[in-house]
There are 2 protein chains.
Amino acid sequence: MTAARGRTSRPTSRAVSRPTGRPPLTEERKAEIRLEIARAAVELFVTQGVAATTGEQIGAAVGVSSRTVWRYFPSKESCVRPLFSAGIDRIADSLRRWGPGRPLDGIFDSERADEDGPLAGPDRATVGALVRLTRTEPGLRAIWLQTYDEAEPAFARALAERAGLPADDLRPTIQAAMFNAALRAAVEHYALHTADTHPDRTTAQTELTETLRVALEVAAEGVG
Amino acid sequence: MTAARGRTSRPTSRAVSRPTGRPPLTEERKAEIRLEIARAAVELFVTQGVAATTGEQIGAAVGVSSRTVWRYFPSKESCVRPLFSAGIDRIADSLRRWGPGRPLDGIFDSERADEDGPLAGPDRATVGALVRLTRTEPGLRAIWLQTYDEAEPAFARALAERAGLPADDLRPTIQAAMFNAALRAAVEHYALHTADTHPDRTTAQTELTETLRVALEVAAEGVG
DNA sequence: CGACTTTATGTCTCTGAGTGACATAAAGTC
DNA sequence: GACTTTATGTCACTCAGAGACATAAAGTCG
């Protein structure tokens, strides 16, 4: 197992006089392990299907017992979440850093969408396949939706702040849901229609950026 | 058990010479049973929490074995779906009957939203409580999201048709997702903020209609 | 009425997800 | 090496959910 065995990294900042003993895993290390389990799970889900893969198999693929898998993830399907949430987290960060008064449609190009957008990173192709799997695997679909759903309150807060409204106001709440849904639909559309037609990475990324640009445009226009 | 026992209703139109034997349950009868199980499940979920209620208990509450519960629903949490989907189905019907060229914001008032809108019907209060439960019960949240998610393709087709575009075009797909999300967010906001402040039925319904009107307005405006 | 047929539900059994309790190993301090 | 804390493994358990089969319900036809 390349993953979960031992190997505590040094915590950078000393907490105020921690008692002696084995130092706990850093959050970074935990995230690494989670990601390793996630990749193994996706590999199995794609090749065998979700129902046919057991927690035991997922653990074995990383050299870990099933019990440990459940310590890192609350359910079998949720093992894919780190792959899903990476892209959304980048968008949420972009939105958070975005100042008030500026139009939303500047988010991606200013933030180097080619590298930082959703579906970026080393798992681009994997996540694409995973999103496609969402169509046939209801359990994965649920995780996919849940991942976006959990980002929604943060969007709502940001939009409410920009508009100078209370955080639980109806309008920014609805706008956040719409913004979120537009992004999700765009990523899905990309994964389903244009992903595998462009094996070349840069072309594919350009397509994705264009798709997201349309999403922001439609979000700004509204549904007529 | 008031529910699932026997009692086949007469199929209205004879299928072309069905062979002899016990007639199958009509779809209406099946829907009745599903609804009865759903109500019992919600009752238990609200009072005990989801984790604490077993399939056996749900079945017992309707006088049916757990095996039968799984014949009507694929999972414990999905027992609540009939309550959730009723409102969305009404909206989908409204949208389907809506002619091309007309603005979306006429949907509800013309369709007597007070009686036919989401959260209408005898289960109005129950569904409100259920939507609130969604905040603390991830399993129910997943069903709630899934219910709306499944309505999305129909919305996308309707919008694509209105715009004279192919069904899988990017823009109507995104618009459908936004429209859907706006409705969902509005219903949630209503259930969380204004539902129990108006125990009076008509006042509550008026509030809901107003909330939905805002949702359609925001959907039409877009997120600025 | 009873023989026959089809459907709905119950019973039994099994796999696997997920949890809690406890044992053991890893990785540090003194 | 003694001691402490954390991470993981092992074992035992509950329950969700599915498959196989038996039985009951509800009809038709003689």
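The sequence lines fix the lettering, A, B, ..., with proteins before strands; numbering per chain opens at 1.
- Judged by distance alone, with hydrogens and angles left aside, the side-chain atoms of H189(B) form a donor-acceptor pair with the main-chain N or O of D168(A) at under 3.5 Å.
- Note on Y72(A): a side-chain N or O is less than 4.0 Å away from OP1 or OP2 of dT8(D).
- Spacing between atom CD1 of I58(A) and atom P of dA17(C) amounts to 8 Å, rounded to whole angstrom units.
- DNA chain C forms stems at C:1-30 with D:1-30, each a run of 3 or more consecutive Watson-Crick or G-U wobble pairs whose two key distances fall under 3.5 Å.
- Each of S65(A) and R71(B) was matched to the nucleotide of DNA chain D holding its nearest heavy atom; the match closer to the 5' end belongs to S65(A).
- Between V127(B) and V80(B) the shortest side-chain heavy-atom distance does not fall below 4.5 Å.
- Checked by atom type and distance alone, the side chain of N180(A) pairs as donor or acceptor with a backbone atom of Y148(A) at under 3.5 Å.
- Ion pairing of E152(A) with R184(A) is absent here, as no side-chain N (NZ or NE/NH1/NH2) approaches a carboxylate O to less than 4.0 Å.
- For residues 41-53 of chain A, no residue pair satisfies the side-chain hydrogen bond (donor to acceptor under 3.5 Å, both in side chains) rule, not counting sequence neighbours.
- Considering only residues two or more places apart in sequence or on other chains, E27(A) meets the salt bridge (charged side-chain N to carboxylate O under 4.0 Å, His left out) condition with K30(A).
- If you take CZ of R34(B) and P of dT9(C), they are 13 Å apart, rounded to a whole angstrom.
- Between E77(A) and V50(A) the shortest side-chain heavy-atom distance falls below 4.5 Å.
- Neither OP1 nor OP2 of dT28(D) sits under 4.0 Å from any side-chain N or O of T20(B).
- Remark: P of dA25(D) and CZ of R29(B) are 15 Å apart, rounded to the nearest angstrom.
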B/S/- contact track for nucleotides 12-18 of chain D, protein heavy atom under 4.0 Å: ----SBB
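- Residues passing the side chain to side chain donor-acceptor pair (under 3.5 Å) test with R34(B), sequence neighbours excluded: none.
- Listed nucleotides: dA8(C), dA7(D), dT9(C). Nearest to the side chain of P24(B): dA8(C).
- In terms of the ring-ring contact (aromatic ring centres under 6.0 Å, His included) criterion, F45(B) has no residue partners (sequence neighbours excluded).
- Here the nucleotide nearest the side chain of R22(B), chosen from dT9(C), dA21(C), dA26(D), is dA26(D).
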